Amino acid sequence: MLKIISYNVKGLNAPVKRHSLAADVLRLKPDVVCLQETHFKRLAHPPLGIRNFSTQYHATGPTKARGVSILIRSDVVYQLHRKISDPQGRYLILVCSLNHKTYTLVNVYSPNTEQLSFISGVLHRVSLVATGVLLICGDLNYSIDPSRDVRSPKIPIPTKRSIRQGQKLRDLFSSHGLYDVWRLWHPGDSEFTFHSRVHNTYSRLDYFLLQSSSLVAEVWFSGLGAAKYFRVICFPTASVLTAGFLSTQFGIRNGTRQGCPLSPLLYALVIEPLAQRIRQDDGVAGIMVGPTVYKIGLFADDILLTLAEPTDSLPRLSELLTEYSAVSFHKINLPKSQALTINVPGNVRESLKQH
C-alpha cells in the first residue's frame, strides 16, 4: 500500500504553520507528502523538521511565492532515478523507486491564468521522462468540471467559457490517459477544496490524476482541512524472474496476474456464453438424468462434457468451439484434453478418431 497526502499549505515560512503541518503528517502517517504553495525562496527557505521525513525535495522560485515540495517517509525503501525541478517553483517531477516499484511522481501548482497552456507544457515534459506508475497531484487552480466542482450563490450556473475550458482540460488529460481518481469514485458527488471569500465561491481545484498502472494506493485527499480517504486499484504489472534477476515491471494489458482474485470471476464471465451455447444447441446431445439433460460442467478453467450420440454431437461441438475461438481467441489445449468412451463400439471410436 502507498499512502499519499497532498496539501496547498499557502505558505510555510511561519513556524506555527510548519508545526501544524508536522502534526497533521504524524497523525495521518503517509508514505509521501506533496505540498503546494510553500512560499519558499530559493536557497533561503527554513527546514521542514518533520519526524521520519528526512528525504525532501523542493522546487523554489526567486521570491517567497509559489513553491512545491515532495517528502518521503524514511522507512520507505527509496531510490531516486531522476529529478526535474521547475526554476519558477511551479512543478517537481521525481522518477524514483518506492518499495521496489518504479514511480513517476509529479507535484504541480498551476498559475491562476493560462492553466491549460501551463498544464499542457508540464504533461509534455512528463511524457519525455515518465517511467513506471505515473501519479500527478496538486493544485490546478481550475475546476475541470465546473458544473459539479464549483458552487457560487452569485453565479449558480457556470459560464459557457468555464465549461469549455474545463472540457479542454478533460480532453487534455484523456489524451495522456489520465483520470480524475476522486471523480471516478464519486461520480455524483460535489465536494470542494477551496473557498474564495472575495467571490464567496466553493471550488474543487486539487486533484489526483492517474494512468492505468500497477498502483494500489491509499490516497489521502486533503481539502478544507478534512482528509478524504479513498482507495485506488489500477491495472496490475508483473516482472519476470530469470536466472535470479528480476526484470523491470511491465503492464499487464491482457488477462490478469497469476493469483489475482479477479481472474476466476473474469474467466467465468468469458466462458459462460460458450456454456450456454452448448446447452441450448440441439445438435449437441447430452445425457438425460431424470428430467434434466447434462451436457457440460465447468470447474475453474476446466470443462467436462458428457455427450450422447457422439457421431453427431462431436462434429457439431467442434463447430461451436471453432466459432467461439474466432471471437474469444480461446482455444482447446489438445495435449491436455482426454476423451473417455462408454458403450461406444470399436468401429465408431476409430471413426471418431479421424475427426
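Only a predicted model underlies this, so the values are computations on that prediction, with no experimental measurement involved.
In this structure, Asn13 and Phe40 have side chains that are in contact, with non-hydrogen atoms separated by less than 4.5 Å. Ile287 places none of its side-chain heavy atoms less than 4.5 Å from the side chain of Val293. Annotation: side chain of Val33 is not in contact with side chain of Leu28 (no heavy-atom distance under 4.5 Å). Using a 4.5 Å heavy-atom cutoff, the side chains of Leu169 and Leu140 are not in contact. Residues Tyr103 and Leu2 meet the side-chain proximity criterion, which asks for heavy atoms closer than 4.5 Å. Residues Leu274 and Leu321 have side chains in contact (heavy-atom distance under 4.5 Å, counting atoms from C-beta outward). Put simply, the side chain of Cys137 does not reach to within 4.5 Å of the side chain of Leu209, judged on heavy atoms. With contacts defined as side-chain heavy-atom distances shorter than 4.5 Å, the pair Val25/Leu71 does not qualify.
Interatomic distance, CH2 of Trp182 versus CG of Asp206, reported as 12.0 Å (0.5 Å rounding). Taken to the nearest 0.5 Å, the CZ atom of Arg170 stands 5.0 Å off from the CG atom of Asp145. If you take CD1 on Ile72 and CG on Asp75, they are separated by 11.5 Å, rounding to the nearest 0.5 Å. For the atom pair Leu21 CG and Thr38 OG1, the distance stands at 10.5 Å (nearest 0.5 Å). To the nearest 0.5 Å, the span separating CD1 on Ile70 from CZ on Phe53 amounts to 12.5 Å. Separation of atoms CG (Leu135) and CG (Leu105) is listed at 6.5 Å; rounding is to 0.5 Å.
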Steps toward side chain to side chain contact (heavy atoms under 4.5 Å, CB included) verdict (Leu298, Ile303): CA-CA 5 Å; Leu298 304 175; Ile303 298 176; 3.8 Å; yes
Full working for side chain to side chain contact (heavy atoms under 4.5 Å, CB included) between Glu323 and Arg277: CA-CA 11 Å; Glu323 293 176 3; Arg277 184 69 185 278; 3.3 Å; yes
Step-by-step side chain to side chain contact (heavy atoms under 4.5 Å, CB included) determination, His195 to Asn200: CA-CA 7 Å; His195 175 231; Asn200 192 24; 3.4 Å; yes
Audit row: Leu178, Leu134, side chain to side chain contact (heavy atoms under 4.5 Å, CB included) steps and yes/no: CA-CA 9 Å; Leu178 293 167; Leu134 173 61; 4.0 Å; yes
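Not one N or O on the side chain of Ser152 forms a donor-acceptor pair closer than 3.5 Å with the backbone of Thr201. With Arg18 contributing its side chain and Leu12 its backbone, the two residues share a donor-acceptor pair below 3.5 Å. No donor-acceptor pair under 3.5 Å is formed between the side chain of Asn99 and the backbone N or O of Val76.
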Under 3.5 Å, which donor-acceptor pairs link side chains of residues 62-69 to any protein atom two or more places apart or in another chain?
from	atom 1	to	atom 2	distance (Å)
Ser69	OG	His58	ND1	2.6

Which pairs of donor and acceptor atoms, one on a side chain in residues 305-318, lie under 3.5 Å apart (sequence neighbours left out)?
from	atom 1	to	atom 2	distance (Å)
Thr306	OG1	Tyr294	O	3.0
Ser313	OG	Ala285	N	2.9
Ser313	OG	Ala308	O	2.7
Ser313	OG	Glu309	O	3.2
Arg316	NE	Asp281	OD1	3.4
Arg316	NE	Asp281	OD2	2.9
Arg316	NH1	Glu319	OE1	2.8
Arg316	NH2	Asp281	OD2	2.7

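Using modelled atom types, one finds no donor on one side chain facing an acceptor on the other under 3.5 Å when comparing Arg164 with Gln167.
No more than 12 heavy atoms of other residues, nucleotides or ligands sit less than 6.0 Å from atom CD of Glu114. Counting non-hydrogen atoms of neighbouring residues, nucleotides and ligands closer than 6.0 angstrom, the CZ atom of Arg125 reaches no more than 12 such neighbours. Counting non-hydrogen atoms of neighbouring residues, nucleotides and ligands closer than 6.0 angstrom, the NZ atom of Lys331 reaches no more than 12 such neighbours. Within a 6.0 Å sphere centred on NZ of Lys168, heavy atoms belonging to other residues, nucleotides or ligands number 12 at most.
The side-chain hydrogen bond (donor to acceptor under 3.5 Å, both in side chains) pairs that include a residue from residues 130-141 are Asn8-Asp139, where partners are two or more places apart or lie in different chains. Applying the ring pair (Phe, Tyr, Trp, His ring centres under 6.0 Å) test to pairs two or more places apart or on separate chains, none has a residue in residues 111-153. Listed by first and then second residue, the salt bridge (charged side-chain N to carboxylate O under 4.0 Å, His left out) pairs involving residues 176-187 are Asp149-Arg183, Asp180-Arg204 (not counting sequence neighbours). For the salt bridge (charged side-chain N to carboxylate O under 4.0 Å, His left out) condition, no pair includes a residue of residues 81-94, sequence neighbours left out.
The aromatic rings of Tyr78 and Tyr57 sit tilted, their planes meeting at an angle between 30° and 60°.
In this structure, Val150 and Ser143 approach most closely via the heavy-atom pair CG2-OG, 3.4 Å. Across Glu272 and Arg279, no two heavy atoms sit closer than the pair OE2-NH1, 3.2 Å. Across Phe192 and Ser190, no two heavy atoms sit closer than the pair CZ-CB, 4.1 Å. Nearest heavy-atom pair, Asn343 versus Pro345, reported as atom, atom and distance to 0.1 Å: O-CD, 3.8 Å. Of all heavy-atom pairs spanning Val270 and Tyr324, the tightest one is O-OH, 2.9 Å. Summarising the geometry of Gln36 relative to Asn107, their closest heavy-atom pair is NE2-OD1, 2.8 Å, with the distance given to 0.1 Å.
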